[in-house]
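Beneath this line is the structure, given in structure tokens, with notes to follow.
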2 protein chains.
Amino acid sequence: MSAPNVTLAEVARRAGVGLATASRALRDAPGVAPATRDRVRAVAEQLSFVVSPDASSLARGTTGRVAIVVPHLDRWFFGAIVAGLESVLRDADVDVLLYHVGDLADRRRFFEQLPARRKVDAVVVVAFPVGDRDRARLDLLSVHVVAAGGQSADYPYVSIDDFQAGWQAMSHLIHLGHTRVAMLEAIDPDQSVPPSGRSLAYERSLIDAGIPIDRALIRTSAWGGEEGAASMGALLGLSAPPTAVYAHSDEVALGAMRTLRRAGLRIPDDVSVVGIDDHPLAALADLTTVHQPVQLQGRLTGEMVLGLLRDDDVEVAVHVPTELVVRASTAPPRR
Amino acid sequence: MSAPNVTLAEVARRAGVGLATASRALRDAPGVAPATRDRVRAVAEQLSFVVSPDASSLARGTTGRVAIVVPHLDRWFFGAIVAGLESVLRDADVDVLLYHVGDLADRRRFFEQLPARRKVDAVVVVAFPVGDRDRARLDLLSVHVVAAGGQSADYPYVSIDDFQAGWQAMSHLIHLGHTRVAMLEAIDPDQSVPPSGRSLAYERSLIDAGIPIDRALIRTSAWGGEEGAASMGALLGLSAPPTAVYAHSDEVALGAMRTLRRAGLRIPDDVSVVGIDDHPLAALADLTTVHQPVQLQGRLTGEMVLGLLRDDDVEVAVHVPTELVVRASTAPPRR
């Protein structure tokens with residue numbers, strides 16, 4: 001029996017090796033240097049982790065199927081991740097089983113029915129946090145689990161560096177000369193998770209620039225345009241409103257822009273707005289944003305899955321680069 | 001052997017019965033009135049249609065899997081259709097196999113590899129036209145094929161009534177008093193298909209209102225915001241530019257709005273814009289549009305598939321209603 005909450009990924013990370021190497025070391029499979037094998041085994045012993053015979057026999061794919069679990073297929077980001085994933089898996093002749101878990105009830109049901117399914121070689125979780133209870137159920141499957149487009153539990157993942165993306169957006173506003181910068185912080189209301197890198201970047205960039213943090217300029221809501229619109233309205237009610245707004249996503253930013261437009265304020269003359277994503281419609285709104293390559297994240301996740309199924313030594317923490325795209329929604333503050 | 005291009009759906013339609021009734025009548029299965037059975041058989045004979053033993057044995061689902069073939073998962077419309085489909089199929093414990101066919105090459109490859117797959121009970125084609133060659137390959141599978149979010153060949157389908165949607169958009173502009181109305185017509189560049197209902201509605205509504213049709217006001221392009229932006233630019237170069245624009249989709253309309261904004265023109269004071277879809281971001285752009293229930297189309301298609309697999313007598317041509325949503329992008333023309 002493994003100790004609760006100890007996964008192969010954790011053993012691999014602590015031993016400083018890839019997931020497949022850890023798996024091979026524990027199964028005494030060939031291709032691992034003796035010193036590495038001993039180190040992995042020492043870590044596993046220390047963490048009370050024991051590989052189950054089931055898990056090792058399932059390390060190689062047998063069903064030819066991979067499950068993709070995705071929460072919001074009707075949003076561009078999630079659809080683009082799935083499109084990238086599917087293309088790589090299909091090229092490898094692996095079938096993709098799709099599970100759409102739109103709300104919390106869907107997710108609960110998916111994870112409850114999961115052990116009965118057990119008919120896939122791997123599960124890809126697209127950009128939502130897997131809680132402890134659901135993770136225990138996933139572990140029962142004894143198959144590879146990989147996170148795409150965000151980190152989840154301590155599964156191998158492909159995502160952007162959220163801190164870096166937030167830093168790029170904030171640095172742009174600070175370099176333009178803004179000192180009253182608001183943050184439209186987006187969270188997943190179904191889950192309690194620590195502040196994301198996008199939030200940490202806000203505070204760190206202000207501190208580094210010697211700008212005091214004003215908590216009144218931070219508004220937290222669910223992801224979405226209407227939420228961004230409402231948060232922007234609250235900010236306009238402040239006695240000293242912001243001259244620039246940093247939104248956690250383009251959809252949130254587009255909502256904020258509608259509120260500004262309806263209030264008769266000009267973008268960027270009165271208020272600058274920057275988002276994160278480079279949503280296809282951001283270009284149509286002339287929105288300055290931080291571009292993230294979304295299909296690429298899907299494709300790299302697909303390759304990670306195939307590597308794990310082949311028992312290759314894969315990199316288990318892959319960050320894709322982001323890039324500031326300056327359009328017409330940002331300018332220096334008016335003097 | 002069936003005559004080429006004659007499908008069970010065509011027999012059913014000409015006989016004025018549902019697909020399952022036609023199937024039962026031809027197989028002499030119980031539950032069909034003798035007069036109905038004779039009528040179906042007469043139509044089948046007239047069309048040289050003979051049901052294959054293969055097709056009838058496969059009328060009931062056996063694999064527990066349905067394939068969804070979708071061209072643009074990273075666009076809201078397609079993702080929302082798939083989300084609706086998946087929810088209904090999963091409730092029935094049917095697994096969804098996803099095939100993303102992003103471009104024409106993908107589609108070709110999918111249909112070429114299709115006969116080798118033959119491991120699903122039904123195929124759902126999401127909103128793209130299936131050509132004759134691909135249709136012949138689909139027929140080899142001898143499984144139910146259903147179209148979601150648009151009509152394709154003569155497969156059973158769930159979609160909006162495109163003519164009705166276009167009519168609602170055009171009537172709104174005409175009632176406001178516009179007589180120089182442009183159309184941003186969107187087509188699938190990979191396929192040659194007859195003019196859609198959205199285009200026919202443009203001509204019909206103008207003729208009915210006694211407004212002459214000016215071909216210079218019609219611009220045709222692929223679906224997409226950048227295409228809409230370019231078409232709008234061409235319209236602004238006319239000696240008598242339009243006072244209103246009817247776009248085949250919200251994304252095309254949002255592109256046109258960017259061009260107008262950049263040209264210093266005010267919406268709706270100088271030019272009115274109306275789209276079709278009610279994309280989630282249309283509300284953020286204050287765009288007047290024709291709402292279509294997209295997830296519902298997916299769900300109803302899922303129910304149609306389940307009905308066909310149960311051999312129920314299902315309606316094979318389902319239209320969901322559309323509705324005009326008036327926002328701030330349309331107003332009477334300036335005098």
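Heavy atoms only: backbone and side chains are in, while hydrogens, waters and symmetry mates are out. Numbers restart at 1 for each chain; the letters A, B, ... are given by sequence-line order, proteins then strands. For clarity, every value in this text was computed on a predicted model and none was experimentally measured.
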Presence of salt bridge, A:Arg65 and B:Asp95, under 4.0 angstrom |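 Between A:Arg65 and B:Asp95 there is no salt bridge, as every charged N stays at least 4.0 Å from the carboxylate O atoms.
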Heavy-atom contact with chain A under 4.5 Å, split by part of B:Glu226 |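 Both parts, backbone and side chain.
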Side chain from CB out, backbone as N, CA, C, O: work out which of these in B:His279 comes under 4.5 Å of a heavy atom of chain A, or both, or neither.
->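 For B:His279, the contact with chain A is made by the side chain alone.
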Which heavy atom in A:Glu86 sits nearest to a heavy atom in B:Tyr99, and how many Å separate them?
->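 Minimum heavy-atom contact is OE2-CA, 3.4 Å.
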Measure the spacing between CG of B:Leu281 and CZ of A:Arg75 and express it to the nearest 0.5 Å.
->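 Answer rounded to 0.5 Å: 10.0 Å.
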In Å, rounded to the nearest 0.5 Å, how long is the span from CD1 of A:Ile81 to CG of B:Leu73?
->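 One finds 12.0 Å between CD1 of A:Ile81 and CG of B:Leu73.
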Counting only non-hydrogen atoms closer than 4.5 Å, does [X] touch chain B with its backbone (N, CA, C, O), its side chain (CB onward), both, or neither?
X	answer
A:Ala229	neither
A:Leu254	both
A:Ala283	both

Any side-chain heavy atom of A:Arg109 sitting closer than 4.5 Å to one from B:Asp91?
->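 Yes, their side chains come closer than 4.5 Å.
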Does the side chain of B:His100 reach to within under 4.5 Å of the side chain of A:Val96, using non-hydrogen atoms?
->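 Contact flag for B:His100/A:Val96 side chains = no.
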Please determine, among A:Gly224, A:Gly79, A:Ala285, the option with the most heavy-atom pairs under 4.5 Å with chain B.
->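 Option with the top pair count is A:Gly79.
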Determine the option with the most heavy-atom pairs under 4.5 angstrom with chain B, choosing from A:Leu97, A:Thr259, A:Val70, A:Val101.
->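 With the most close heavy-atom pairs to chain B, the winner is A:Leu97.
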Just do the side chain to side chain contact (heavy atoms under 4.5 Å, CB included) check on A:Asp286 and B:Arg262 with the steps written out, would you?
-> CA-CA 10 Å; A:Asp286 282 321; B:Arg262 287 183 178 175; 2.4 Å; yes
Yes or no on side chain to side chain contact (heavy atoms under 4.5 Å, CB included) for B:Leu98 and A:Val82, after CA distance, side-chain angles and deciding distance?
-> CA-CA 9 Å; B:Leu98 183 73; A:Val82 173; 3.4 Å; yes
Which residue out of B:Gln295, B:Arg261, B:Met257 racks up the most heavy-atom pairs below 4.5 Å with chain A?
->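 Winner by heavy-atom pair count: B:Arg261.
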